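Written below as structure tokens is the structure these notes are about.
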Amino acid sequence: MREAELKEALQQELGGVAMGEGLKNKIRQGAAERKPRQLRTCIAVSAAAVILGGTTAFAGYRMLNQVQINGEVLPELDSMEIVKMNEPEAAADENGLIDKDYRDYSRLKEELGTKLLDSELSQDNPYMLCRLYTDPDSFAIITVDNFILGDTDGYRFLEEENRYAYEQGEVYSSPVSLKADLILSELQMAVGWDTEYLGMSRFVESYTSEQGYKVNILEDMAEGVNPQDYVSKKTAIFVAGGIRYTLSGRVPMDVMKEIVDTMQ
């Protein structure tokens, strides 16, 4: 589809969008950890551009896939690209969305047939909780809780909450989680995929990893003065092979950078 035709189609799709300040504020408040609603993400992201940016759906067309923190646009990362993915073996809901759990990152990678980064630090880890959320035509979001355990210990599965409890280590105050955002279609690529972090977080630095990834580092902030034994949550965001990755966990800054360097 040509650019002009694509713009016209999406503008028609969004032409009736009108929201009051109350709904806008709710969206802003939930943007940091928002999950896709039950609608096509290409349209959802466009609507978010209209609501949060106060501009047309295509104002972000020339500056795709921004990462922001409390309204501050962070340094540009490498470009996201359209990637290919096998449709997972799972039934879609009435909106064409698939939500599937995996206990094995290797199995997830094998089923999707997509080149996804991994780390030598994640090997032989029985406590991962993997999840795929996708409209197989447009986007995919992969999350892996407990991706890297470090020196955390005492893992106990809480079935009612579908998560593991753990004991923090001397270096790792929490395990490190992984998220991967995949663009699967030209339409989603044209719309882009902006991400905004809100709340008690701050931008720390941008740097280039050993592999050549452009990396942005964020950090959470405790109210008042951080106690000496408090380890803040670090978030590292980078793009590799057209896929946007997010690593997060309560570890020292140098440890988070070392983890990024293991991602291959």
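All residue numbers refer to positions in the sequence shown, counting from 1. If you're wondering where the values come from, they're calculated on a predicted model, not measured in any experiment.
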Under a 3.5 Å distance rule, please check whether [X] uses its side chain to pair with a backbone N or O of [Y] as donor and acceptor.
{"X": "Asp220", "Y": "Ser232", "result": "no"}
{"X": "Arg156", "Y": "Gly154", "result": "yes"}
{"X": "Asp151", "Y": "Val171", "result": "yes"}
{"X": "Asp194", "Y": "Gln66", "result": "yes"}
{"X": "Lys234", "Y": "Val251", "result": "yes"}

[atom1] of [X] to [atom2] of [Y]: how many Å apart, nearest 0.5 Å?
{"X": "Leu132", "Y": "Tyr102", "atom1": "CG", "atom2": "OH", "value": "5.0 Å"}
{"X": "Gln264", "Y": "Asp261", "atom1": "CD", "atom2": "CG", "value": "9.0 Å"}
{"X": "Cys130", "Y": "Asp101", "atom1": "SG", "atom2": "CG", "value": "9.0 Å"}
{"X": "Asp99", "Y": "Thr134", "atom1": "CG", "atom2": "OG1", "value": "10.0 Å"}
{"X": "Asp135", "Y": "Gln188", "atom1": "CG", "atom2": "CD", "value": "8.5 Å"}
{"X": "Asn146", "Y": "Leu178", "atom1": "CG", "atom2": "CG", "value": "11.5 Å"}

* Can you list the residues that meet the side-chain contact (heavy atoms from CB on, under 4.5 Å) rule with Val204, with sequence neighbours excluded? -> Arg202, Ile217, Glu219, Met253
* State which residues pass side-chain contact (heavy atoms from CB on, under 4.5 Å) with Ala90; sequence neighbours excluded, sorted by chain then number. => Ile98, Lys100
* Output every pair passing salt bridge (Lys or Arg N to Asp or Glu O under 4.0 Å) with a member in residues 67-85, not counting sequence neighbours, ordered by first then second residue. => none
* Quick one: which residue pairs count as a side-chain hydrogen bond (donor to acceptor under 3.5 Å, both in side chains) with a foot in residues 165-175, not counting sequence neighbours? => none
* Asked: Please, which pairs that meet side-chain hydrogen bond (donor to acceptor under 3.5 Å, both in side chains) have at least one residue in residues 247-258, sequence neighbours excluded?
  -> Ser177-Ser248, Glu205-Lys257
Can you tell me which residue pairs pass the ring pair (Phe, Tyr, Trp, His ring centres under 6.0 Å) test with a partner in [range], sequence neighbours excluded?
{"range": "residues 234-260", "answer": "Tyr213-Phe238, Phe238-Tyr245"}
{"range": "residues 69-97", "answer": "none"}
{"range": "residues 69-88", "answer": "none"}

Does the side chain of [Y] come within less than 4.5 Å of [X]'s, by heavy atoms?
{"X": "Gln68", "Y": "Leu74", "result": "no"}
{"X": "Leu184", "Y": "Ser138", "result": "no"}
{"X": "Ile259", "Y": "Val255", "result": "yes"}

Verify same cluster id: [X], [Y] (apolar side-chain graph, 4.5 Å):
{"X": "Phe203", "Y": "Leu77", "result": "yes"}
{"X": "Ile237", "Y": "Ile142", "result": "no"}
{"X": "Val239", "Y": "Leu247", "result": "no"}
{"X": "Leu182", "Y": "Met263", "result": "yes"}
{"X": "Val176", "Y": "Leu121", "result": "yes"}

According to side-chain hydrogen bond (donor to acceptor under 3.5 Å, both in side chains), who are the partners of [X], at least two apart in sequence or on a separate chain?
{"X": "Ser79", "result": "none"}
{"X": "Asp145", "result": "none"}
{"X": "Lys214", "result": "none"}
{"X": "Asp118", "result": "Lys109, Ser122"}

* Structure fact -> Pro175 and Thr152 have their tightest heavy-atom pair at N-CG2, 3.9 Å
* **Shortest non-hydrogen separation from Asn65 to Met189 and the atoms involved** => ND2-CE, 4.4 Å
* Under the criterion ring-ring contact (aromatic ring centres under 6.0 Å, His included), which of Tyr105, Phe147, Phe157, Tyr164 is the partner of Tyr127? -> Tyr164
* Asked: What class does the angle between the rings of Phe139 and Trp193 fall in, given that below 30° is parallel, 30 to 60° is tilted and above 60° is perpendicular?
  -> perpendicular
* Start with the C-alpha gap between Ile243 and Leu116, add the side-chain angles, then the distance that decides, and say whether side-chain contact (heavy atoms from CB on, under 4.5 Å) holds. => CA-CA 8 Å; Ile243 298 171; Leu116 292 165; 3.8 Å; yes
* Given the rule in the side-chain contact (heavy atoms from CB on, under 4.5 Å) test, do Val260 and Tyr207 qualify, once you have shown the distances and angles that lead to the verdict? -> CA-CA 11 Å; Val260 171; Tyr207 76 99; 3.8 Å; yes
* NZ/NE/NH1/NH2 to OD/OE distance under 4.0 Å, Lys179 and Asp181 -> yes
